[in-house]
Amino acid sequence: MCTIFAYKGKAISLAEIKEYLKRTHRRGPDCERILALDSDTFLAFQRLSIMGIDERGMQPFEYKGMYSLTNGEIYGFRSIRKELEKEGYHFHSDSDCETVLYLYDKYKEKMFSLLDAEFATVIYDREDGFIAARDPIGIRPLFYGYDKDGSIAFASEACLLPFCSTVLPFPPGHYYKDGKFICYRDISEVRTYRYESEEQVTDSIREKLIEAVGKRLDSDTPVGFLLSGGLDSSLVSSIATRLLKKPIRTFSIGMDKDPIDAKYAEETAVFLHAEHTHVTMDAKEVIEVLPEVINSLATYDITTIRASIGMYILCKYIHKHTDIKVLLTGEVSDELFGYKYTDFAPSPEEFEKESQKRVRELYAYDVLRADRCIADNSLEARVPFGDLDFVSYVLSIDPRMKMNHSGHGKYLLRKAFENGDWLPHDILWREKAAFSDAVGHSMVDELKKHAEEVYRGKDLQKEYMKYPEDGRPFTPESLLYREIFESYYPGQYRMIPGFWMPNKAWKGCDVNDPSARVLSNYGKSGE
């Protein structure tokens, strides 16, 4: 991961910008550059070197009076580069992000819809001012805010608060130009559904996921894999092992008392001949790291915070004890193929509407978690299930096929890898346990117990009512998270759409906790 920062105005000085950037140094610990183009125009970049790792790859890049800052990965950049070189563009580095500036020079804002990438970028043109954009899913973070004079600022994290009264996430799939945010691609929109056979669908899923993993293995630095023992991370690890034709390095985490998925992660690692590391955490460590995690995430959402604790501690271990800089993860699969609660969808149309909603909001939940837990520990996340071609294809599959008719959630994904010895049968067809549960049920139990102790004797309803209805806490645990969030980001609750919860309008889903443990179909997920 890297940090980008851009501002044109007079509300802050160069010295103050340097102070703000201390907060995000961990995103880009290898090098920092702040460029003052004029007395009121500042561009800053903090680099985590992944591609083109020598100093020539340091940003901002400059070309004909234009400057670019990009955090992300541009897939297929080598072929793009060859085409641009034929047209007279001269590259000064081996960085994939240098292509962005030349593509913008050639295509202007049309270029954003052409990119196969997970990215956040800000381009400064002396004639047009700032042009900014974010990938259609929002895998790479970007925030914006306005100072007291109405000047806009951009940053990878919400470090704009000291001089911007309100900070908001940059909308995924949009670009900013001339003071307007314009949608260049709504990834959740399906123009035409595919009514193909099961064999055609599963063949396409397999081929597209293999391609998605393959392009994310390109790195000039060591790559590792987060392996929970669940279906999604196990498939990513299996595909990578086959493509690389060598053992990979995998990592898992669990509570010291009841790590549900640890044995499955170990089984998968042995099957793949991976070099596997399991990290253990305890209740004391979970409680102690909670404020740090919420500060990093900039969220009060219950399920995001729960799921982040183990991931954050694991990534801290990886940063401290290994030379790995890139981690592949299994996020985004649930939004496409279904959660435990989507088994209760009353119709294919409702299933699809829920899937599209979850994809549109990914930037605030699962991919926010992946970015922040990993980037906070000076590592880069890559998300194969978030591949644009893969996401578009799965969303276009006949919704009736994606519903759980077989008793196995994510049936199509499992079926796609049934043949070919990709995974042990019991891993491929095992019931899902959400990551926050899979590290051990005791983790969430300890968090709830801690929150109840904090507010023992207090009028909880009165405490809840201190907050606006939109995002109002409703349990001691959610109140604790909200209060910690407010201590770091006072009044900025609109950065998050609200609490991630099952669709309460569906029969069987009107629950008071986001965990699948409270659903009637949880079954063997916790075994």
Inter-residue atom distance I74.CD1 - K215.NZ, 0.5 Å rounding:
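One finds 11.5 Å between CD1 of I74 and NZ of K215.
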What distance separates T304 OG1 from I309 CD1, expressed to the nearest 0.5 Å?
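Here the interatomic distance stands at 11.5 Å.
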Is it the case that D186 and S188 place a side-chain donor and acceptor less than 3.5 Å from each other?
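There is such a pair (donor and acceptor under 3.5 Å, judged by atom type) between the side chains of D186 and S188.
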Report yes or no: is the cationic atom of K410 (NZ for Lys, CZ for Arg) under 6.0 Å from the centre of the six-membered ring of F337, at an angle within 45° of the ring normal?
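No, K410 and F337 do not form such a contact.
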May I ask you to establish whether R482 and Y300 are in a cation-pi arrangement, using a distance under 6.0 Å from NZ or CZ to the six-membered ring centre and at most 45° from the ring axis?
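Yes, a cation-pi geometry.
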Under 3.5 Å, which donor-acceptor pairs do the side chains of residues 494-503 form with other protein atoms, sequence neighbours left out?
residue	atom	partner	partner atom	Å
N503	OD1	A505	N	3.0
N503	ND2	E354	OE1	2.9

For D203, which residues count as a side-chain hydrogen bond (donor to acceptor under 3.5 Å, both in side chains) partner, sequence neighbours excluded?
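side-chain hydrogen bond (donor to acceptor under 3.5 Å, both in side chains) list for D203, sorted by chain: R206.
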The criterion is side-chain hydrogen bond (donor to acceptor under 3.5 Å, both in side chains); which residues satisfy it with E157, sequence neighbours excluded?
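Partners of E157 by the side-chain hydrogen bond (donor to acceptor under 3.5 Å, both in side chains) criterion, ordered by chain and then number, come out as R26, R27.
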[X] bridged to [Y] by N-O distance under 4.0 Å:
X	Y	result
D334	K340	no
R382	E118	no
K325	D30	yes

Please name the pair of heavy atoms, one in [X] and one in [Y], separated by the smallest distance, quoted to 0.1 Å.
X	Y	answer
S442	K257	OG-CB, 4.3 Å
S308	R369	OG-CG, 3.1 Å
I205	F390	O-CE1, 3.6 Å
G254	P259	CA-CB, 3.8 Å

Evaluate the side-chain proximity of L69 to T121: yes if any heavy-atom separation is below 4.5 Å, no if none is.
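No. Closest side-chain heavy atoms not under 4.5 Å.
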Could you label the plane-to-plane angle of the Y184 and F112 rings as parallel, tilted or perpendicular, counting under 30° as parallel and over 60° as perpendicular?
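Correct class here is tilted.
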Does the ring center of F251 lie less than 6.0 Å from the ring center of F225?
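No.
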